[in-house]
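Data first, discussion second: the structure below is written as structure tokens.
Heads up: numbering here begins at 1 and tracks the sequence. All heavy atoms count here, side chains included; hydrogens, waters and symmetry mates do not. The structure displayed is predicted, hence computed values, not measured ones. Ligands are counted one by one from 1 in listed order, and the atoms in each one are counted from 1 as well.
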Amino acid sequence: MRVLYASTEIYPALKTGGLADVNGALPCALADAGADVRLLLPAFPAIAQAAGVLRTVISLPSPFGGATVRVARGELAGVPAYLIEAGELFARAGNPYVDENGRDWPDNHLRFALLGWAAARFADGTIDDWRPDIVHSHDWHTGLAPAYLAARGGDRPATVFTVHNLGYQGDFPAETFRDLALPANFFSIYGLEFYGRVNFMKAGLHYADRITTVSPTYAAEIQTPEFGFGMDGLLRSRAAVLSGILNGVDRDVWNPATDPAIAVHYGEKSLQGKARCRTALRKACGLAVSDGPLFGVVSRLTSQKGLDLVLAALPALVAAGGQVVLLGAGEAELEAGFLAAATQFAGAVSVRIGYDEEFAHRIFAGSDVILVPSRFEPCGLTQMYALAYGALPLVRRVGGLVDTVGDADAQNLAAGTATGFVFADADVKSLQAALNRAFLLWRQPRQWSLLRRTAMQQDFSWAPAARSYLALYRELRPLA
Ligand code: ADP
């Protein structure tokens with residue numbers, strides 16, 4: 001099974017969120033499961049540097065009339081990787097999608113159209129003498145890959161398109177369509193047009209042979225107006241080819257027994273180390289010595305993540321004897337709000353604005369609870385990392401959070417399946433009620449230890465996900 005896996009970011013070389021973690025682990029798990037999987041990524045400087053010695057496999061004229069497109073081969077995450085270079089298009093340091101002021105690059109439609117086009121170009125088998133059976137593309141940046149393959153028609157690889165976050169769609173003015181070198185009839189409601197504009201996400205959803213998303217619950221949710229971002233009708237019409245496959249945890253990276261970033265190693269049966277990680281975290285963050293629970297947050301600061309609710313609940317949380325450590329970056333208003341709270345509640349609330357991979361590990365290790373109050377959450381990795389590190393996730397009942405956290409309700413407590421705290425509504429009252437339950441349980445150390453042990457025993461490895469993707473590829477192979 002030959003699989004071309006096309007995406008934009010990959011841990012540890014280049015990461016803006018969970019997509020990079022997935023891309024750093026899933027291809028390797030697919031290879032372990034027997035697939036000949038090869039990555040296709042833009043040659044962003046950080047990625048080119050991480051891919052080792054690059055060998056040019058082909059130079060192609062640009063379909064858009066720009067600089068020559070060079071495809072070079074290296075290796076990333078233990079699998080072969082093809083990187084595409086095209087003049088200035090990808091040779092930009094920093095964030096792959098926005099400039100240093102946080103604005104989308106004005107030529108993003110061309111940059112990511114080229115990525116999709118390059119994926120489709122593998123179909124004729126002339127690049128590195130290798131023809132994929134499956135082109136598996138991820139999120140809007142690669143949404144045009146199925147469109148370019150559909151435009152080729154005839155004998156072509158089958159296409160799988162995975163939605164990691166429907167909230168980002170790659171939506172561009174209608175005029176950009178003429179730059180994309182696609183047949184005119186593709187700009188239609190039965191194509192990639194969305195309310196008079198070009199939409200790369202819609203292209204993926206419309207043209208792919210199979211659509212997957214990153215949890216079973218999110219697969220159902222995105223077919224509803226509440227979570228569909230306008231695509232729910234299209235997704236309902238494609239329900240027969242849509243499924244959810246839960247993400248996993250890369251235990252080589254996220255494991256408190258081996259993690260080089262944390263103060264002391266620990267495991268489910270040797271939890272003294274966790275207490276020392278908590279003490280170290282408090283000290284590093286200037287938090288007071290306390291016997292109350294320590295709540296951690298590691299997150300992009302966007303409205304998706306619901307952290308405005310945490311901000312509103314902070315005074316009560318601190319009054320109840322809790323402390324908070326937050327690491328995040330994003331919307332200015334949220335950054336300012338948390339920084340003000342850190343001043344107001346000095347010693348009880350610590351806030352670090354920025355991106356810091358190692359500090360994130362220390363927060364998971366040192367926290368008693370990890371807060372993930374998302375408005376929507378396709379899968380969510382942070383609550384799974386929290387479980388692995390024995391920090392109980394306190395999450396909203398949406399998306400992958402539903403599929404990974406067992407609420408400490410009477411039934412789960414009795415059955416021994418409770419691993420955290422789940423609340424229903426995206427409002428402060430609902431969050432507050434879950435926080436109150438967490439404080440109550442904190443005062444029952446034996447119960448707390450029981451939950452923590454169950455949490456740490458959860459096994460969200462990548463192997464089952466890889467098997468599910470492989471089963472899906474096999475179903476499609478007749479098309480390939
Ligand atoms: P999303 O992809 O929506 O941001 P996920 O929970 O799927 O959410 O993945 C987030 C990933 O990004 C996790 O690996 C998390 O640890 C990491 N992360 C988020 N914000 C930061 C930050 N400020 N510093 C370090 N890591 C972060």
Nearest-neighbour protein heavy atom for atom 15 (C) of ligand 1, which is reported as residue plus atom name and distance: Thr382 CG2, 3.7 Å
Interfacing atoms of ligand 1 (cut-off 4.0 Å, heavy-atom, Arg300): 1 (P), 3 (O), 4 (O), 20 (N)
Pairwise side-chain contact, Ser367 with Leu281, heavy-atom cut-off 4.5 Å (strictly under): yes
Within-shell test, Lys15 vs ligand 1, heavy atom, strictly < 4.0 Å: yes
Within reach of ligand 1, part of Tyr385 (heavy-atom separation under 4.0 Å): side chain
Distance from atom 18 (N) of ligand 1 to nearest protein heavy atom, with residue and atom: Val298 CG1, 3.8 Å
Side chain to side chain, Val253 and His361, heavy atoms closer than 4.5 Å: yes
Sub-4.0 Å heavy-atom approach of Gly380 to ligand 1: yes
Test item, Pro378 contacting ligand 1 (heavy atom, 4.0 angstrom): no
Nearest-neighbour protein heavy atom for atom 5 (P) of ligand 1, which is reported as residue plus atom name and distance: Leu381 N, 3.6 Å
Test side chain to side chain contact (heavy atoms under 4.5 Å, CB included) applied to Ile370 and Phe295, Tyr385, Phe364, the passing residue: Phe364
Ligand-residue contact atoms, ligand 1 with Gly328, heavy atoms, under 4.0 Å: 23 (N)
Protein heavy atom at shortest distance from atom 21 (C) of ligand 1: Tyr355 CE1, 3.5 Å
Short side-chain to backbone donor-acceptor contact, Arg38 and Pro132, under 3.5 Å: no
Proximity of His164 to ligand 1 by residue part, where a heavy atom lies under 4.0 Å: neither
Check: Trp105 ring centroid to Phe112 ring centroid under 6.0 Å: no
Location of contacts on Ser299 toward ligand 1, heavy atoms closer than 4.0 Å: backbone
The single option from Leu26, Leu40, Thr162 passing side chain to side chain contact (heavy atoms under 4.5 Å, CB included) against Tyr5: Leu26
SB check Lys305 Glu377 (cutoff 4.0 Å): yes
Donor-acceptor contact below 3.5 Å, side chain Arg210 vs main chain Val160: no
Atom 24 (N) of ligand 1 [closest protein heavy-atom partner, distance rounded to 0.1 Å]: Asp356 N, 3.1 Å
Option passing ring-ring contact (aromatic ring centres under 6.0 Å, His included) with His141 (candidates Phe44, Tyr97, Phe200): Tyr97
Short N-O contact, Arg375 and Asp308, less than 4.0 angstrom: yes
Atom indices of ligand 1 within 4.0 angstrom of Gly354 heavy atoms, with elements: 22 (C), 23 (N)
Side-chain heavy-atom pair Leu144, Leu192 within 4.5 angstrom cut-off: yes
Geometric N/O contact Lys305 with ligand 1, under 3.5 angstrom: yes
Protein heavy atom at shortest distance from atom 11 (C) of ligand 1: Gly18 N, 3.7 Å
Those atoms of ligand 1 less than 4.0 Å from some heavy atom in Asp21: 13 (C), 14 (O)
